[in-house]
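Following: one structure in structure tokens, then a few remarks.
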Protein chains: 2
Amino acid sequence: MTSDARPEYPAFGVTADLVVLAVREGRLCVALVRRRDEPYAGRLALPGGFVSRHGLDDTLEETALRELREETGIEPDEVHLEQVKTYWRRGRDPRQEVVTVAWLALGPIHGDLRAGSDAASADWYPVEDALAAPLAFDHDEILRDAVERARAKLEYTDIAASFVPEPFTIADVRRVYETVWGVELDPGNFQRKIAPVFERVEGGDGGDVRSAGRGRPAALYRRRRRGSRAGADLTPIEPPFRRPETGG
Amino acid sequence: MTSDARPEYPAFGVTADLVVLAVREGRLCVALVRRRDEPYAGRLALPGGFVSRHGLDDTLEETALRELREETGIEPDEVHLEQVKTYWRRGRDPRQEVVTVAWLALGPIHGDLRAGSDAASADWYPVEDALAAPLAFDHDEILRDAVERARAKLEYTDIAASFVPEPFTIADVRRVYETVWGVELDPGNFQRKIAPVFERVEGGDGGDVRSAGRGRPAALYRRRRRGSRAGADLTPIEPPFRRPETGG
DNA sequence: CGAATAGTGTCTGTTAGACAATATCGA
DNA sequence: TCGATATTGTCTAACAGACACTATTCG
């Protein structure tokens with residue numbers, strides 16, 4: 001129950017921090033900024049910021065979208081955004097108690113990043129490297145949780161298509177799975193399993209096939225349109241496409 | 001990035017609200033309190049409260065556990081607790097901006113509830129009825145999300161066993177599935193699928209079988225012990241036990 | 001014994017995965 | 001033509017679900 005706010009209840013800052021993932025050059029990469037200010041000045045950190053600066057945000061999701069734009073220069077159209085988890089422990093931020101709502105953002109993102117005002121730079125880093133580096137605050141834990149969420153959701157939603165621009169080929173989607181899961185998948189079996197999740201693109205401007213330069217041109221697909229409600233934009237994979245066991 | 005806390009960042013209250021579920025008399029029930037104070041005085045609401053009253057809480061999870069004890073009288077031993085989602089929209093609480101971290105709590109809970117200081121009463125309500133009633137704040141949305149989380153997790157974890165005391169029979173677990181999913185399941189197929197997830201109880205005080213009064217006595221099981229880390233206390237069901245399609 | 005519940009066996013249709021075979025392109 | 005990639009076909013083992021059957025208790 002959300003009861004009375006008396007003085008004995010401490011005031012918190014609330015931030016939205018973003019785990020923005022993209023597949024670049026065959027690697028799963030995360031957008032990180034280099035902190036300009038203390039604490040953790042000079043450290044890599046997830047992009048993010050406080051809710052409602054200047055009273056702009058009416059929901060947590062709006063904060064996340066705004067920070068995505070401001071901190072990385074990414075325009076949030078066509079970006080899949082979902083809340084992952086909320087983090088706080090006493091003293092997590094040495095200046096003030098700050099609760100962080102973490103978000104996972106996936107998109108067909110190609111260009112370089114543009115740093116926001118409170119960051120020295122913003123860039124893509126392979127997730128593997130980012131997890132080995134010391135990140136600011138508890139951002140390594142947040143990154144791990146968000147990547148695991150993304151890996152899990154590949155199993156039962158069409159979220160992999162968020163990584164590639166439409167229209168796409170089944171091989172495009174397969175490369176996303178292989179990159180995010182770190183495995184190799186059989187092209188034939190993958191085709192049979194995943195193609196029905198998507199919608200064939202018929203004719204149109206660029207035709208309905210795309211040649212990769214070599215080999216037989218591939219048919220083009222797009223995601224099925226779902227209800228317009230936020231969060232209802234993923235098509236389920238039924239039955240789920242289970243992750244192969246991996247030794248590591 | 002969690003950047004500087006300047007005056008333009010508003011102060012939030014942070015609460016942990018609990019969706020405490022139990023199976024009682026063959027129905028899925030949720031613990032609700034009747035609010036004593038405005039806003040929403042007299043309305044049913046989820047139990048919960050502000051983080052860190054008197055500086056007791058060092059983590060969000062501790063707040064959730066403390067509120068579980070204070071607001072419902074439930075002792076948190078043997079209760080499964082997991083974070084679901086965080087809720088805020090401007091004006092959600094008319095007095096002050098309040099961010100609510102919602103938690104799902106499941107346990108083998110039998111007794112009646114004991115209301116905390118800021119509630120007129122605390123009681124169990126069938127989830128179905130609770131969703132039809134007007135709840136305080138956005139607690140109906142939180143309840144829906146948490147129940148869906150619980151239903152989903154029955155598919156791929158042994159979380160159903162959280163609802164029953166150890167040792168339990170496979171039929172006990174089956175009744176949890178049937179109640180939470182609102183379906184009937186084939187006892188034979190269920191046995192084959194679920195029994196290997198658990199550990200047989202050998203001999204001991206009460207023997208290794210339990211008679212239900214009629215019929216052949218059932219073998220007793222307990223959950224497999226997993227790593228001691230929080231959140232690692234669920235055994236996966238592999239491959240998952242998929243929810244049957246339901247017309248509604 | 002009969003009713004009730006626990007647990008196993010059996011059959012069938014579906015699916016995943018290995019892998020072969022075919023299709024269609026560029027060079 | 002060859003090499004590469006896309007797509008379909010085939011086979012097999014595993015699995016889910018329907019349902020029959022056996023096991024064990026109480027009354």
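Below, chains carry the letters A, B, ... as their sequence lines are ordered, and counting in each starts from 1.
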Judged by each residue's nearest nucleotide on DNA chain D, which is more toward the 5′ side, B:F241 or B:P217?
B:F241

Going by the rule side chain to side chain donor-acceptor pair (under 3.5 Å), which residues pair with B:T72 if we only count those two or more places apart in sequence or in a different chain?
none

Side chain to side chain donor-acceptor pair (under 3.5 Å) involving B:E78 - partner list, sequence neighbours excluded
none

DNA chain D-proximal residues of residues 151-163 of chain A, any heavy atom under 4.0 Å:
none

If the threshold is 4.0 Å, N to carboxylate O, is there a salt bridge linking B:R66 and B:E62?
no

Identify all side-chain donor-acceptor contacts of residues 168-177 of chain A below 3.5 Å with residues at least two apart in sequence or on another chain.
{"from": "A:T169", "atom 1": "OG1", "to": "A:A171", "atom 2": "N", "distance (Å)": "3.3"}
{"from": "A:T169", "atom 1": "OG1", "to": "A:D172", "atom 2": "N", "distance (Å)": "3.0"}
{"from": "A:T169", "atom 1": "OG1", "to": "A:D172", "atom 2": "OD1", "distance (Å)": "3.4"}
{"from": "A:T169", "atom 1": "OG1", "to": "A:D172", "atom 2": "OD2", "distance (Å)": "3.3"}
{"from": "A:D172", "atom 1": "OD1", "to": "A:R175", "atom 2": "NH2", "distance (Å)": "3.4"}
{"from": "A:D172", "atom 1": "OD2", "to": "A:T169", "atom 2": "N", "distance (Å)": "2.9"}
{"from": "A:D172", "atom 1": "OD2", "to": "A:R210", "atom 2": "NH1", "distance (Å)": "3.0"}
{"from": "A:Y177", "atom 1": "OH", "to": "A:L154", "atom 2": "O", "distance (Å)": "2.8"}

Answer yes or no: is there an ion pair linking A:E75 with A:R69, defined by an N-O contact shorter than 4.0 Å?
yes

Taking any atom closer than 4.0 angstrom to a non-hydrogen atom of chain A, what span of DNA chain D does the protein reach, first nucleotide to last?
D:dG3 to D:dT10

Restricting to side chain to side chain donor-acceptor pair (under 3.5 Å), what partner residues turn up for A:E148, sequence neighbours left out?
A:R243

Less than 4.0 Å between a side-chain N and a carboxylate O, is that true for A:E71 and A:R114?
no

Kindly list each side-chain donor-acceptor pair under 3.5 angstrom involving residues 18-32 of chain A, sequence neighbours excluded, with atom names and distances?
{"from": "A:R24", "atom 1": "NH1", "to": "A:H110", "atom 2": "O", "distance (Å)": "2.8"}

Would you say that B:R242 contacts A:E238 through its side chain, given a criterion of any heavy-atom pair below 4.5 Å between the two side chains?
yes

Run the salt-bridge test on A:E166 and A:R225 with the 4.0 Å N-O cut-off and return the result as yes or no.
yes

N/O to N/O distances under 3.5 Å, protein versus nucleotides 19-22 of chain C:
none

What residues, two or more places apart in sequence or in another chain, satisfy ring pair (Phe, Tyr, Trp, His ring centres under 6.0 Å) together with A:W88?
A:F12

Can you list, in residue-number order, the parts of residues 168-185 of chain B that come under 4.0 Å of DNA chain C, counting heavy atoms only?
B:A171, B:R174

Of B:R214 and B:E238, whose nearest nucleotide on DNA chain D comes first from the 5' end?
B:E238

Mind checking what makes side chain to side chain donor-acceptor pair (under 3.5 Å) contact with A:E199, not counting sequence neighbours?
A:R222

B:Y156: which residues meet the side chain to side chain contact (heavy atoms under 4.5 Å, CB included) condition with it, sequence neighbours left out?
B:K153, B:P240

Taking atom P of C:dG17 as reference, at what distance in whole Å does atom CD of A:E245 sit?
10 Å

Please determine whether a side-chain nitrogen or oxygen atom of B:Q191 lies at a distance below 4.0 Å from atom OP1 or OP2 of C:dG7.
yes

Result for 5'-nearest mapping on DNA chain C, choosing between A:G215 and A:K193, is A:K193

